[in-house]
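Worksheet: the structure to be examined is printed underneath.
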Amino acid sequence: MIPENKLLAALPETERKRLDPYLENMFVEHRQVLVEFDSPIEYVYFLETAVTSTIVHTPHGETLEVGIMGAEGFVGLSLLYGVKRSNGTVVVQMPGRAQRMKTADFVQHVKVRGGPCLDLLLRYANFFQVMVQQHAACNAAHRVDERMCRWILLTQDRASDEAFPLTHEYLSLMLGTRRATVSSIAHDLKEQGIIAYTRGKMRVTNRERLEACSCDCYRLIKEQMSHTFNHDRPVAQFHL
């Protein structure tokens, strides 16, 4: 069976079978911390239906999301560079399935051994670094409403259902802004027929208009991700 994780699915069949004994199927919960900044990495995670946010904490106590992962992603990037303590905090944004591998197995059977899996993960890590740069530039340069639309689009791309769980409280936390601001923007988008939400779930009802309301960062990040799985094209540099 071909894995739901796009990185594992892109590997040659012989490589997938070699790694399969070291992978464990699991379900991760909303707001579960998979790796924490400056803490030892116990497992790496190949996401399937789960979606995660990579977050940073500002000196003023605010939280900002700087990266997002879904089925295209791999949690535990620091290990690729021989660093056994995480350089970021990754929390589960949307609960779902994942496959995890013990750090010792990852180091022995992926990092040290090398080969197609390591090559692809390094390529993904390069993309993720570009995405973090793009998010950082976006957070500094663009309006909250534009960033919120970009965030909803990236989340919907990774959601396994048409409607996905998302509260105003969590969205305000990821955007580093007040809940009242998020609620006001969400109300305007709903009135325009762009999104619908109820009981902690959101649904995009007019994708084209939502993309028009987003800053250009969404398109750039999406293009950059597609390059990760297209070895003939380099991963782009970030832009504003």
Side-chain angles (χ1 to χ4, degrees), residues 4 26-37 45 47-58 60-73 75 88-98 128 131-132 134-136 138-140 142-215 217-218 221-222 225:
E4 293 180 79
M26 64 176 305
F27 189 90
V28 292
E29 303 287 349
H30 177 53
R31 294 201 180 185
Q32 180 178 341
V33 178
L34 301 185
V35 296
E36 192 164 3
F37 174 70
Y45 299 83
L47 304 177
E48 294 184 333
T49 60
V51 178
T52 65
S53 294
T54 300
I55 61 173
V56 297
H57 300 288
T58 72
H60 303 293
E62 299 172 324
T63 299
L64 279 175
E65 184 201 61
V66 295
I68 185 172
M69 289 186 189
E72 84 290 349
V75 178
T89 296
V90 179
V91 298
V92 177
Q93 177 192 145
M94 291 173 51
R97 296 187 303 277
F128 191 79
M131 178 172 60
V132 168
Q134 190 73 53
H135 276 229
C138 183
N139 289 336
H142 295 144
R143 302 192 312 266
V144 176
D145 60 314
E146 295 175 318
R147 294 194 289 119
M148 180 167 157
C149 291
R150 179 260 294 166
W151 198 94
I152 294 172
L153 287 164
L154 289 173
T155 299
Q156 188 197 30
D157 286 347
R158 289 156 177 81
S160 55
D161 296 318
E162 181 179 325
F164 47 93
L166 184 61
T167 65
H168 292 184
E169 178 186 8
Y170 189 80
L171 190 48
S172 66
L173 185 67
M174 292 300 100
L175 294 173
T177 190
R178 297 185 305 121
R179 179 176 176 176
T181 301
V182 167
S183 296
S184 177
I185 296 170
H187 177 76
D188 289 344
L189 293 174
K190 185 177 181 179
E191 288 293 302
Q192 295 176 57
I194 296 175
I195 64 171
Y197 56 87
T198 180
R199 295 182 179 179
K201 283 203 169 185
M202 181 173 290
R203 181 166 55 90
V204 176
T205 52
N206 192 321
R207 174 87 185 194
E208 184 177 353
R209 291 189 64 191
L210 184 62
E211 290 187 20
C213 292
S214 170
C215 54
C217 294
Y218 168 70
I221 291 171
K222 188 175 181 179
M225 189 180 76

Pairwise side-chain contact, R158 with F164, heavy-atom cut-off 4.5 Å (strictly under): no
Could you pull out all residues at least two apart from E29 that satisfy side chain to side chain contact (heavy atoms under 4.5 Å, CB included)? F27, Q32
Would you check if V182 and E169 make a side-chain contact, meaning some heavy-atom pair closer than 4.5 Å? no
When you look at Y45 and V90, which way does the side-chain contact (heavy atoms from CB on, under 4.5 Å) test go after all the steps? CA-CA 11 Å; Y45 299 83; V90 179; over 6 Å; no
Is the closest side-chain heavy-atom distance between R150 and H135 below 4.5 Å? yes
Set of ring pair (Phe, Tyr, Trp, His ring centres under 6.0 Å) partners for Y170, sequence neighbours left out: H30
Return each pair, listed once, that meets side-chain hydrogen bond (donor to acceptor under 3.5 Å, both in side chains) where at least one residue sits in residues 181-195; pairs must be two or more places apart or across chains. H168-S183, Q192-R209
Walk me through it: do W151 and L171 pass the test side-chain contact (heavy atoms from CB on, under 4.5 Å)? CA-CA 9 Å; W151 198 94; L171 190 48; 3.3 Å; yes
Main-chain N/O of C149 paired with S214 side-chain donor or acceptor, under 3.5 Å: no
Taking the side chain as every heavy atom from C-beta outward, state whether M131 and L154 have any atom pair closer than 4.5 Å. no
Can you spot which of R147, R143, H142 makes a side-chain hydrogen bond (donor to acceptor under 3.5 Å, both in side chains) with D145? R143
With a 3.5 Å distance limit and no angle check, can you tell me whether T52 reaches the backbone of V91 through a side-chain donor-acceptor pair? no
Hey, could you give me the CD1/CG distance between I195 and L210, rounded to the nearest 0.5 Å? 7.5 Å
Side chain of T89, backbone of F37: donor and acceptor closer than 3.5 Å? yes
Residues passing the side chain to side chain contact (heavy atoms under 4.5 Å, CB included) test with R199, sequence neighbours excluded, are none
Closest non-hydrogen atoms of V92 and M94, given as atom of the first, atom of the second and distance, are CG1-O, 3.3 Å
So Q93 and E65, do their side chains get closer than 4.5 Å, heavy atoms only? yes
Among residues at least two apart in sequence or on other chains, which ones pass side chain to side chain contact (heavy atoms under 4.5 Å, CB included) with T49? E4, R97, S160
Value rounded to 0.5 Å, distance of SG in C213 from CD1 in I194: 4.0 Å
Just to verify, what does R207 make a salt bridge (charged side-chain N to carboxylate O under 4.0 Å, His left out) with, not counting sequence neighbours? D157, E211
Taking the side chain as C-beta and beyond, is there a heavy-atom pair between T54 and V132 under 4.5 Å? no
